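Heads up: the structure comes next, in structure tokens.
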Amino acid sequence: VQGKLCRDIIRCANFAALKHKDQRRKDEIQTPYVNHVIGVAYILTNEAGISDISVIQAALLHDTIEDTGTSFYELQAEFGEDVANLVKEVTDDKTLPKEERKLQQIVNASKSSYRAKLVKLADKLYNLRDLRRATPVGWSKERVDEYFRWASQVVAGLKGTNKALEDSLRDLFAERGITI
Ligand code: NDP
Ligand code: ZN
């Protein structure tokens, strides 16, 4: 059993590494994009105390549909219905204009399943830490602040899911005078 779980997780990490191989983060040093998805999975295992394998797999795959053109069906064939559905739940609808997508995240947060909320919380925590660590190329201070304010509205809808993640997020917002 352990061998299978281990293989299932590494299969996702490998799939994500291949799919994101040409992508970089928005920071000055162009960190490989795959660092982000591994980091999100790591937050879930090491800070949130999550051992649900499907959640960890979904964390590793969470940006493949949105950012690499991977289809739901490919994920379903490779990793099963459960994982594919979770990834779908954390994927923005790219047919909508960007401002509408951002609004949808706020509106949909509280309607998500418990497991999708975990991935969303870890994703926001990673991105906000990333923004605090290094400002993305071309971003003004105002744009960073605006991102924190928007993220706080999404996180407000994810409350009551995981204390460790919510405490860390609350502290990051508090640093900027935002209360959730
Ligand atoms: P974007 O959606 O353009 O960028 C943020 C996303 O980029 C994150 O959610 C993350 O997504 C990904 N990302 C990649 N690299 C990094 C990194 N190093 N650190 C953090 N995130 C990274 O941002 P927004 O459009 O939300 O811009 C923020 C705010 O600024 C908006 O609320 C908007 O109103 C405003 N704005 C200002 C503009 C301007 O001043 N010119 C232009 C557009 C918007 P993932 O988890 O998928 O990797
Ligand atoms: Zn992400």
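Note that the structure is a prediction, hence the values are computed from the model and not measured. Both ligands and their constituent atoms are indexed starting at 1 by order of listing.
Under a 4.0 Å N-O distance rule, the pair Asp123/Lys120 does not qualify as a salt bridge. Salt bridge Lys88/Glu81: absent, no basic N to carboxylate O contact under 4.0 Å. With respect to the salt-bridge test (charged N to carboxylate O, under 4.0 angstrom), the residues Glu146 and Arg143 do not qualify.
Ranking protein heavy atoms by distance to atom 33 (C) of ligand 1, first place goes to Glu146 CG, 4.0 Å. When hydrogens are left out, the protein atom nearest atom 22 (C) of ligand 1 is Arg25 NH2, 3.2 Å; that is the closest non-hydrogen contact. When hydrogens are left out, the protein atom nearest atom 17 (C) of ligand 1 is Asp130 OD2, 3.4 Å; that is the closest non-hydrogen contact. Tyr147 CE1, 3.5 Å is the protein heavy atom nearest to atom 5 (C) of ligand 1. Nearest protein heavy-atom contact of atom 6 (C) of ligand 1 is Lys26 NZ, 3.7 Å.
Some N or O of Lys98 is nearer than 3.5 Å to an N or O of ligand 1, by distance alone. Between Arg143 and ligand 1, a contact under 3.5 Å exists for at least one N or O pair. Ligand 1 has a nitrogen or oxygen under 3.5 angstrom from a nitrogen or oxygen of Asn127. In terms of polar-atom proximity, defined here as any N/O pair under 3.5 Å, Trp150 makes no such contact with ligand 1.
A cation-pi arrangement, defined by a distance under 6.0 Å to the six-membered ring centre and an angle within 45 degrees of its axis, is absent between Arg24 and Tyr33.
Heavy atoms from other residues, nucleotides or ligands lying under 6.0 Å from NZ of Lys94 number more than 12. Crowding of Phe72 atom CZ: a count of heavy atoms from other residues, nucleotides or ligands under 6.0 Å exceeding 12.
Ring pair Trp139/Tyr147 is tilted by interplanar angle, where 30° to 60° counts as tilted.
In this structure, a donor-acceptor pair under 3.5 Å is present between the side chains of Gln105 and Asp92. Of the N and O atoms on the side chains of Thr31 and Asp27, at least one donor lies less than 3.5 Å from an acceptor on the other residue. Side-chain polar atoms of Thr68 and Gln23 form no donor-acceptor pair below 3.5 angstrom.
With a 4.0 Å cut-off on non-hydrogen atoms, Asp123 touches ligand 1 through its side chain and not its backbone.
Within the 3.5 Å criterion, the main-chain N or O of Leu131 finds no donor-acceptor partner in the side chain of Thr135.
Shown here are the protein N/O/S atoms lying under 2.8 Å from the Zn ion (ligand 2), water excluded: His36 NE2, His62 NE2, Asp63 OD2, Asp123 OD1.
Contact atoms of ligand 1 toward Asp63: 45 (P), 46 (O), 47 (O), 48 (O) (distance under 4.0 Å to a heavy atom of the residue). Atoms of ligand 1 lying under 4.0 Å from any heavy atom of His36, numbered from 1 in the order shown and given with element: 45 (P), 46 (O), 48 (O). Short contacts between ligand 1 and Tyr33, defined as distances under 4.0 Å to a heavy atom of the residue, involve ligand atoms 45 (P), 47 (O), 48 (O). Residue Asp27 has at least one heavy-atom neighbour below 4.0 Å for each of these atoms of ligand 1: 18 (N).
No side-chain heavy atom of Asn127 sits under 4.5 Å from any side-chain heavy atom of Val40. Taking 4.5 Å as the limit, some side-chain heavy atom of Glu89 sits within range of a side-chain heavy atom of Ser113.
Ligand 1 has no atom lying under 4.0 Å from any heavy atom of Glu142. Within the structure, the closest approach of Lys102 to ligand 1 falls below 4.0 Å when heavy atoms are considered. Heavy-atom distances between Tyr126 and ligand 1 stay at or above 4.0 Å for every pair.
Just one of Glu74, Glu66, Glu78 meets the salt bridge (Lys or Arg N to Asp or Glu O under 4.0 Å) condition when paired with Lys19; it is Glu74.
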